[in-house]
Amino acid sequence: MTNILDVQALKTEFRRKNTLIRAVNNISFTIKKGSVLSIVGESGSGKSVTMHSVLRLIPSTGKIVAEKINFMGRDLMRLTEKEMRKIRGDQISMIFQDPMSSLNPTIKIGRQISEVLLWHHKANPKEAKERTIRMLHEVGIASPIERYNQYPFEFSGGMRQRVMIAMALIGEPRLLIADEPTTSLDVTVQAQILALIKKMQEQNKMSVVLITHNLAVATMMADEMIVMYAGQIVEQATKAEFLNRASHPYTVALLGSTPKLNMKERLQSIPGQPPDLKNINLEGCPFVDRCSAKMERCSREEPPAVQLSPTHRIRCWLYT
Amino acid sequence: MEPVIERMLEVQNLKKYFSVGKQLLKAIDDVSLEVKTGQSVGIVGESGSGKSTFARLVLGLLEATDGNVFFMESIAVQPMKKNNRSMTLRKYAQIVFQNPYLSLFPHLTIGANIEEPLRIHGVRDKEKRHLRAQELMYKVGVPEAYYDAFPHELSGGQQQRVAIARALALNPKLIVFDEPVSSLDVSIQAQILNLLLDLKEQYRLTYVFIAHDLAVVEYISDVIAVMYLGRFVEYAPKRFLIDQPLHPYTNVLLESVPVVGGSLKDVAGRGEIPSPLSPPSGCPFHPRCTKAFDRCRLERPEFIEVKPNHWVACHLYT
Amino acid sequence: MGEFTIPVNKNIDSGGKPPSAEHSDKTTRRSYFGVLWRRFKRNKISLISLYFIVFLIALAIVGPLILPFDYKTMDYTALYQKPSLKHWMGTDDGGRDMLTLIIYGLRNALIVGFGAGLVEILIGVTIGALAGYFGGRLDNILMRFVDIMFALPSFLLSLMLVVVLGRNLFTILLAIGLTSWAGMARLARAQVLSIKQVDYIEAARSLGASNSVIIFRYVLPNAVGPIFVSLSFNIPGAMMVESGLSLIGLGIMPPMPSWGALINIGSRFILSTPHLILYPAITFALTILAFTFVGDGLRDAFDAKQSD
């Protein structure tokens with residue numbers, strides 16, 4: 001299988017007053033055509049900034065450096081802003097956590113969706129409307145013809161997220177970035193939306209990057225997994241490897257601290273606080289303060305990338 | 001010696017209606033519950049189920065439309081009397097909110113925040129308050145050096161620890177938690193949940209634990225009540241509720257809990273919680289229920305005890 | 001899970017470093033206002049402006065005591081003099097020392113500005129806070145009254161009040177204060193309304209705090225930010241109303257100088273002796289500007305999202 005996206009040595013830094021915040025610190029990963037990659041991390045892990053950097057959608061205080069960001073044979077780092085705009089929303093589209101703030105409250109949802117097609121000159125107005133109505137039906141919105149002419153406030157939270165998905169998918173993108181798409185939704189609705197994203201992914205044979213803080217959600221959707229901590233990838237693996245042999249102490253601890261039904265034992269908790277990117281230890285491993293398996297060298301030397309299998313890589317001194 | 005109190009909290013036919021324009025919103029509609037001393041009762045529900053309103057009603061922060069709430073057997077919380085602030089209630093019943101940043105006093109230091117309940121309850125001795133605050137900070141695991149910090153300088157997890165310390169300051173008997181961990185990171189969530197379990201054991205506390213996440217509720221609680229559109233639809237000891245759920249809604253909730261390594265079940269078509277302003281006729285869950293039959297559309301099922309201590313409101317069991 | 005299991009500390013952990021080293025220093029108890037002051041200091045222009053205002057206040061107090069001239073005595077031997085060693089800012093059309101007049105004008109402007117501001121705060125915040133906190137009928141009644149006050153042209157109203165009450169410093173500041181508190185009341189109400197919604201007020205109620213404790217200890221300290229910011233813009237506003245009144249001859253009674261009157265007179269001689277308008281106008285503008293900059297600094301300092 002070929003890669004749809006190949007990111008090498010990506011760094012994103014923000015400068016605030018006199019402090020340098022390394023939000024994404026030298027990470028490399030690939031996404032295969034037609035597969036789902038889940039990026040898991042807690043706050044400050046850089047999971048969101050990573051994908052925003054790929055799309056070059058970060059605040060002006062930020063700086064992106066990368067060896068390459070290759071998307072379907074083109075290096076996104078070398079494209080002009082105008083060329084980037086053609087890619088965003090067309091070949092790569094995004095859905096966000098809060099569907100209400102991503103939709104324009106004053107424009108009927110049908111028009112908001114069909115405009116995507118018109119911007120990218122993919123259809124004439126009549127076709128655009130037809131395709132929009134078909135898409136609304138696809139994402140599970142009942143009576144799409146009437147719904148076409150309604151405003152965002154007339155939709156419930158789950159329905160709005162369906163509208164967002166319709167809008168993201170109408171241009172038939174090759175890559176969908178879903179940034180915490182179900183975090184603000186109720187659990188029963190979350191399950192429906194995840195199933196919908198999976199269905200659309202399989203149907204359109206597109207690739208999906210799912211950004212989430214929820215390990216369970218991540219594993220349910222993924223073909224491949226990435227775990228991030230303090231701007232670094234600490235573990236990446238296929239789903240099967242992840243479920244059978246999760247190895248990085250952070251990943252193991254994160255699995256242990258996720259509440260499950262029918263738990264007999266106590267939750268494992270990770271001591272300490274989420275990383276403070278303003279004063280992160282750049283010498284050693286960023287997780288060292290919270291790690292229960294830390295060794296002396298962990299706080300002095302940056303852990304190397306260790307290949308546990310061709311597809312399973314972690315950054316930890318334990319496995320050297 | 002204090003008399004032994006068996007029933008920490010009794011809720012009888014509690015109702016809370018809000019008028020929204022010309023419509024009536026039944027946020028809580030005829031809910032009864034008994035919380036025994038030392039018990040931990042979990043209330044699980046999705047947004048719009050009325051669970052937060054319930055928390056405020058049982059603590060007398062909101063006036064009920066109808067029904068009774070008794071605290072420690074003798075204190076009538078509802079119906080609320082005008083201008084009667086029961087200091088016993090305020091001392092022995094506490095609440096911890098979802099967002100600790102919004103629930104801490106932003107203009108007071110961490111130390112002052114924790115000492116505030118003591119001030120309100122007339123502890124004048126500064127040194128005594130200070131010592132108590134330090135003791136509580138130690139108990140909940142907030143470094144002493146934070147005493148003079150302000151809430152916004154702490155991480156979310158630390159803020160929630162401070163909020164818990166503040167709730168413990170007066171040696172309460174009952175603590176109501178309203179989504180206490182849903183705004184926290186997973187690793188911090190586990191810390192706080194374990195802390196809550198430890199504190200409960202250490203101080204023999206009684207908990208009412210409200211959350212939308214069934215796995216979290218199960219971890220903390222002994223018994224679980226499932227709330228849907230302002231009513232309980234199922235109530236049982238957690239073992240029975242999780243292993244042998246009776247109500248179809250409880251089933252949907254259980255199936256929807258994401259599981260590490262689990263597969264995506266096809267739960268599409270089950271829709272969303274309807275607006276409480278226009279609840280469906282009959283059983284409020286019937287439009288989403290795969291087992292609904294004619295009677296469900298017409299008649300509201302009673303909440304009945306179908307097995308010992310296992311209550312359900314569903315026509316499948318009548 | 002996997003073949004590797006890592007032991008995890010089950011103790012209640014604490015972890016994390018305190019925000020900065022200074023907090024561990026027990027001798028320096030930090031206060032809310034200490035933090036505000038530290039944040040305010042970071043904005044240099046605001047800080048300089050604040051020092052400037054302090055200097056002006058000192059000047060207004062000390063100036064009249066040490067100045068060799070007074071504002072009343074005319075000196076017909078020294079009309080329209082250009083700045084000199086004796087008269088640093090020259091003299092006016094009555095031969096009076098301009099510097100003396102400006103300092104007296106400054107004193108009057110500050111008294112009117114702060115006085116009117118105080119009146120606005122007392123009335124506006126009281127009414128706004130009561131309306132916002134208790135809501136319901138009280139809110140309705142109070143806010144309709146505020147609406148009426150808002151609808152009336154405040155300049156004309158203060159003009160009428162001055163005519164009725166007489167023309168001295170106190171009646172003028174009262175007239176300005178009494179007619180311009182409506183905005184403050186609305187602001188205070190909006191603040192109280194939004195703070196009332198925040199969880200910590202509910203937390204205070206659940207802890208047993210009484211209404212008055214809640215208002216004075218939790219609501220108002222968190223509402224003062226925008227109120228002080230607004231005050232720092234209203235003080236120069238009141239000064240301008242006072243000069244406006246003076247400009248049309250209804251301000252402070254001559255010969256007591258007022259900036260408005262000075263500018264009014266100076267404008268008549270703008271071509272022949274420009275220093276008569278230049279000096280009062282510049283000091284006036286600088287003073288107004290300083291208050292505005294302080295307001296900006298306050299707004300930033302009160303913004304809790306800022307880090308320390």
Side-chain angles (χ1 to χ4, degrees), chain A residues 40-45 140 142 156-159 182-199 212-221 229 239-240 242-244 246 250 253-263 266-274 276 290, chain B residues 44-49 141 154-158 181-195 197-198 211-220 238-239 241-243 249 252-275 288:
Chain A
V40 194
E42 299 183 278
S43 51
S45 65
S156 68
M159 284 298 155
T182 57
T183 304
S184 63
L185 304 175
D186 280 321
V187 272
T188 57
V189 184
Q190 163 168 288
Q192 296 165 21
I193 295 294
L194 292 176
L196 172 65
I197 294 175
K198 189 78 186 170
K199 181 190 106 183
T212 178
H213 68 281
N214 189 320
L215 257 180
V217 166
T219 55
M220 287 166 80
M221 294 286 285
Y229 188 82
K239 176 176 170 174
F242 185 87
L243 292 174
N244 296 321
Y250 175 64
L254 204 56
L255 281 164
S257 57
T258 306
K260 301 162 222 16
L261 286 173
N262 268 321
M263 278 195 40
R266 206 175 148 90
L267 280 175
Q268 298 179 353
S269 64
I270 307 177
Q273 299 304 310
D276 179 2
R290 306 176 70 188
Chain B
V44 66
E46 295 182 279
S47 53
S49 62
L154 274 62
S155 68
Q158 296 287 18
V181 294
S182 56
S183 68
L184 305 174
D185 271 323
V186 186
S187 67
I188 308 300
Q189 231 182 52
Q191 291 177 6
I192 299 291
L193 290 173
N194 285 341
L195 173 67
L197 284 183
D198 292 340
H212 70 278
D213 185 334
L214 200 45
V216 167
V217 171
E218 191 214 1
Y219 187 63
I220 292 288
K238 70 170 166 190
R239 211 156 33 88
L241 193 110
I242 303 292
D243 294 343
Y249 177 61
V252 175
L253 272 185
L254 281 165
E255 276 177 34
S256 307
V257 173
V259 180
V260 175
S263 59
L264 287 165
K265 295 185 195 85
D266 187 26
V267 281
R270 281 194 181 129
E272 293 173 51
I273 204 165
S275 160
R288 303 175 70 187

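Below, chain A is the first sequence line, B the second, and so on; all start at residue 1.
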### Message
I need the minimum non-hydrogen distance between A:N214 and B:P258, along with the two atoms involved.
### Response
ND2-CG, 4.1 Å
#### Entry: Per-residue contact mode, B:D213 against chain A (heavy atom under 4.5 angstrom)
neither
#### Entry: Structural part of B:L193 lying under 4.5 Å from a heavy atom of chain A
side chain
### Query
Given a strict heavy-atom distance threshold of 4.5 Å, which part of B:I192 is in contact with chain A: side chain, backbone, both, or neither?
neither
### Task
Report the distance from atom NZ of A:K199 to atom CG of B:L264, rounding to the nearest 0.5 Å.
13.0 Å
### Summary
Bottom line for B:E218: the part with an atom under 4.5 Å from chain A's heavy atoms is side chain
### Query
Is there side-chain contact between B:V260 and A:K260, with heavy atoms separated by less than 4.5 Å?
no
### Message
As an exercise, state the distance from OG of B:S187 to CD of A:Q268, rounded to the nearest 0.5 Å.
### Response
12.5 Å
### Summary
Interface check, chain A: of B:G48, B:G261, B:S182, most non-hydrogen pairs under 4.5 Å belong to B:G261
### Query
Quick one: what part of A:Q190 sits under 4.5 Å from any heavy atom of chain B, side chain, backbone, both or neither?
side chain
### Message
Side chains of B:V186 and A:L215, heavy atoms from C-beta outward: is any pair under 4.5 Å?
### Response
no
### Query
Is A:V189 close to B:I273 at the side-chain level, that is, under 4.5 Å between some pair of heavy atoms?
no
### Query
Given that the side chain runs from C-beta out, which part of B:I242 has a heavy atom under 4.5 Å from chain A: side chain, backbone, both or neither?
side chain
### Task
May I ask you to test the B:L214-A:V187 pair for a side-chain heavy-atom distance under 4.5 Å?
no
### Contact leader toward chain A among B:V217, B:D243, B:D185, where contacts are heavy-atom pairs under 4.5 Å
B:D185
### Residue B:V259 versus chain A: region with a heavy atom under 4.5 Å
backbone
### Task
Let me know if A:D276 has heavy atoms under 4.5 Å from chain B in its side chain, its backbone, both or neither.
neither
### Query
What are the two closest non-hydrogen atoms of B:I188 and A:G272, and how far apart are they?
CD1-O, 3.5 Å
### Message
Quick one: does any side-chain atom of B:E272 pair with a main-chain N or O of A:S156 as donor and acceptor, under 3.5 Å?
### Response
no
### Message
Under 4.5 Å from any heavy atom of chain A, what part of B:S47 do you find: side chain, backbone, both or neither?
### Response
both
### Query
Counting only N and O atoms by type, is there a donor-acceptor contact under 3.5 Å from the side chain of B:Q191 to the main-chain atoms of A:I270?
yes
### Task
Check A:R266 against B:N194 and note the closest heavy-atom contact, atom names and distance.
NH2-CB, 3.2 Å
